[in-house]
Each structure stands twice: as structure tokens, then as C-alpha cells.
Amino acid sequence: MKIATWNVNSLNVRLPQVLEWLGSAVPDVLVLQEIKQLTEKFDNDAFTEAGYKSLASGQKTYNGVAVVSKTPADGVVTGFPGFDDPQRRVLASTIDTVRIVNLYVPNGNNVGSEKYEYKLGWLEALHGFLQVELKQYDKLVVLGDFNIAPDDRDVYDPVKWGDDILCSPAERAALRKIMDLGLSDVFRQFDQPEATFSWWDYRAAGFRRNAGLRIDLILASESMANSCTASYVDREPRTWERPSDHTPVVAEFDL
DNA sequence: ATGGTGGTCCAACCA
């Protein structure tokens with residue numbers, strides 16, 4: 001089972017690229033973030049023609065998540081129980097007996113800002129949600145745009161970046177607490193090239209300088225981590241004309 | 001610290 005995540009920064013713009021990538025990479029599951037369109041604008045037909053089922057939880061202009069899969073998804077959840085949030089950032093579903101939790105974690109703007117406090121509260125709610133999910137599902141994969149670089153290897157210039165947003169101690173502690181529930185970063189189960197990133201700022205020629213961060217993560221429960229056979233970043237779509245600022249991250253499982 | 005680029009949508013916000 002090949003599972004991938006991609007923050008597409010508007011599916012209105014990037015649908016042709018997503019279809020192109022589905023055709024060449026042929027994942028069983030692809031989760032998308034920042035589709036930036038209402039659920040009713042989501043083009044299920046385009047994915048049907050490509051041989052995929054699809055499902056979205058969208059909103060206008062901002063956020064929005066979707067899941068595209070070879071076999072249909074069920075048991076769909078679009079938020080954390082008891083955590084009221086108009087922002088569409090969560091899409092959990094079960095596909096081929098695997099629980100797939102697609103996340104678009106808040107960016108947080110700046111350490112100490114109102115958006116930063118929202119991010120930390122959101123991560124606390126995520127922790128509670130995943131605690132319950134892990135009790136219910138042995139085979140669990142939590143993936144998406146985490147907007148957190150787990151450690152210094154995941155940052156192009158950790159000294160320059162310092163404790164700024166996406167790297168602050170409180171964000172990393174929140175991620176660690178979530179992983180301590182029994183979820184591991186499958187990318188680090190394998191040898192990886194140094195300076196492998198999943199996001200590069202559009203500004204200041206980030207991609208050309210490889211000035212990036214690895215903030216798109218695939219976390220797996222113990223049984224899924226044990227069956228993971230590969231995980232890698234596919235940089236190619238970031239080289240395309242008018243790209244997203246993120247590129248797909250992939251994990252393969254032998255179930 | 002600022003500004004650089006890009007998406008949404010036309011002023012300003014978000015990343």
C-alpha cells in the first residue's frame with residue numbers, strides 16, 4: 001500500500017498537477033491539504049476519471065483537506081469531538097482496513113501570536129483525538145502538513161532559523177507528545193539524503209537554494225511502522241511550472 | 001527587521 005501526502009496550495013490551480021502525479025506515482029492513497037475550495041467545488045469527477053474515489057472537507061479561500069484513494073473511504077470524521085473549529089483541517093477515514101488521518105496543522109504565524117496559541121491548542125486537541133483513535137485502530141497512519149520541523153536535520157539552516165515558528169520548543173514538544181502515544185516518523189526509518197525537505201518558501205528563491213524544511217510528515221502506529229518498506233520525498237513536482245510550495249511525501253507498506 | 005513570491009480575490013490576509 002502506497003500512501004502519500006501533498007499540500008497543493010489551491011486545488012483550483014493544481015488539479016492538473018495532482019492528476020499528473022497520480023498517473024505517474026500511482027499511490028493507493030493520496031491526502032491533500034490547502035485545497036482552498038468549498039467542498040461542493042471539489043471535482044470528484046476528475047478523480048473518478050483517473051480511477052480514484054475521492055472525498056473533501058473544504059472551505060472558501062483557506063485550508064481544506066481531501067483524500068483520494070483506489071478503494072472507497074468510510075468512517076469519515078472531519079474534526080475533533082469537543083473542539084469546535086470552522087477551519088477545515090482534519091479528514092479521518094478508513095481505507096482498506098487502515099485508518100488514515102489527514103491533517104493540515106495550523107501554521108502559527110509567529111511564536112507568541114494569537115495564531116500560535118491557536119496552533120498549540122489545536123495540537124492539544126489532536127493529541128486527545130489520536131489517543132482515542134489509537135485505541136480503536138491498530139493500523140493507523142497520521143499524515144499531512146504538520147507545520148513543524150521535527151529536529152535540526154529537517155531545517156536547511158537551523159542556526160539561522162533558531163526557535164522561530166515551525167521549530168519552537170513548544171511546537172516540537174507538542175509533536176513529541178503526540179508521537180509518544182505510539183506513532184513514529186517513518187521517513188527516519190530509512191537512510192535519507194542529507195538536507196531532504198518537503199517545503200521551500202516561494203520567496204528568496206528558496207527551492208533553488210534548497211532553503212527548505214521537512215514539515216510534511218507520515219506518522220505510523222507500531223504495526224504500520226513495522227510493515228513500512230520505504231519512505232521518501234518526491235521533489236519532482238516542485239520543479240514543475242507554477243508549483244505548490246510543498247512537494248509530495250510517500251510511504252510504502254507491505255500489509 | 002524587512003522583503004522577497006504566490007493564492008485568493010481587489011484590499012488585505014495567509015503562508
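A note on names: the letters A, B, ... follow the listed sequences, proteins ahead of strands, and every chain is numbered from 1. Computed over heavy atoms, backbone and side chain alike; hydrogens, waters and symmetry mates excluded.
- Atom C1' of nucleotide B:dG6 and atom CH2 of A:Trp200 are separated by 16 Å, given to the nearest angstrom.
- Looking at which nucleotide of DNA chain B each of A:Tyr104 and A:Asn12 is closest to, the 5′-most match is held by A:Asn12.
- Each of A:Val13 and A:Ala204 has a nearest nucleotide on DNA chain B; the 5'-most of these lies closest to A:Ala204.
- Between the CD atom of A:Glu34 and the P atom of B:dG6 there is a distance of 16 Å, rounded to whole Å.
- In this entry the distance linking CH2 of A:Trp240 with P of B:dG6 reads 18 Å, nearest Å.
- With P as the reference atom, B:dA11 and B:dT5 are 23 Å apart, rounded to whole Å.
- A distance of about 15 Å separates the P atoms of B:dC10 and B:dC14, rounded to the whole Å.
- In this structure, A:Lys2 contributes its side chain and A:Ala25 its backbone to a donor-acceptor pair below 3.5 Å.
- Across the protein-nucleic acid pair, A:Gln37 atom CD and B:dC14 atom P stand 20 Å apart, rounded to whole Å.
- When each of B:dC13, B:dT5, B:dT8 is scored by its nearest atom to the side-chain atoms of A:Tyr62, the top-ranked nucleotide is B:dC13.
- Note: A:Asp43 CG to A:Ser54 OG = 8.0 Å, rounded to the nearest 0.5 Å.
- Comparing B:dT5, B:dC13, B:dT8 by their closest approach to the side chain of A:Lys36 singles out B:dT8.
- Summarising the geometry, the separation between CG on A:Asn9 and P on B:dT5 is reported as 16 Å, rounded to the nearest angstrom.
- A gap of 15 Å separates the P atoms of B:dA15 and B:dC9, to the nearest Å.
- With a cut-off of 3.5 Å on both pairing distances, B:dG3 has no Watson-Crick or G-U wobble partner at all.
- Residue A:Leu11 contributes atom CG, which lies 19 Å from atom P of B:dG6 at whole-angstrom precision.
- When the P atom is used for both B:dA12 and B:dA1, the distance is 24 Å, rounded to whole Å.
- Counting only distance, with no hydrogens or angles, the side chain of A:Ser57 and the backbone of A:Val65 share no donor-acceptor pair below 3.5 Å.
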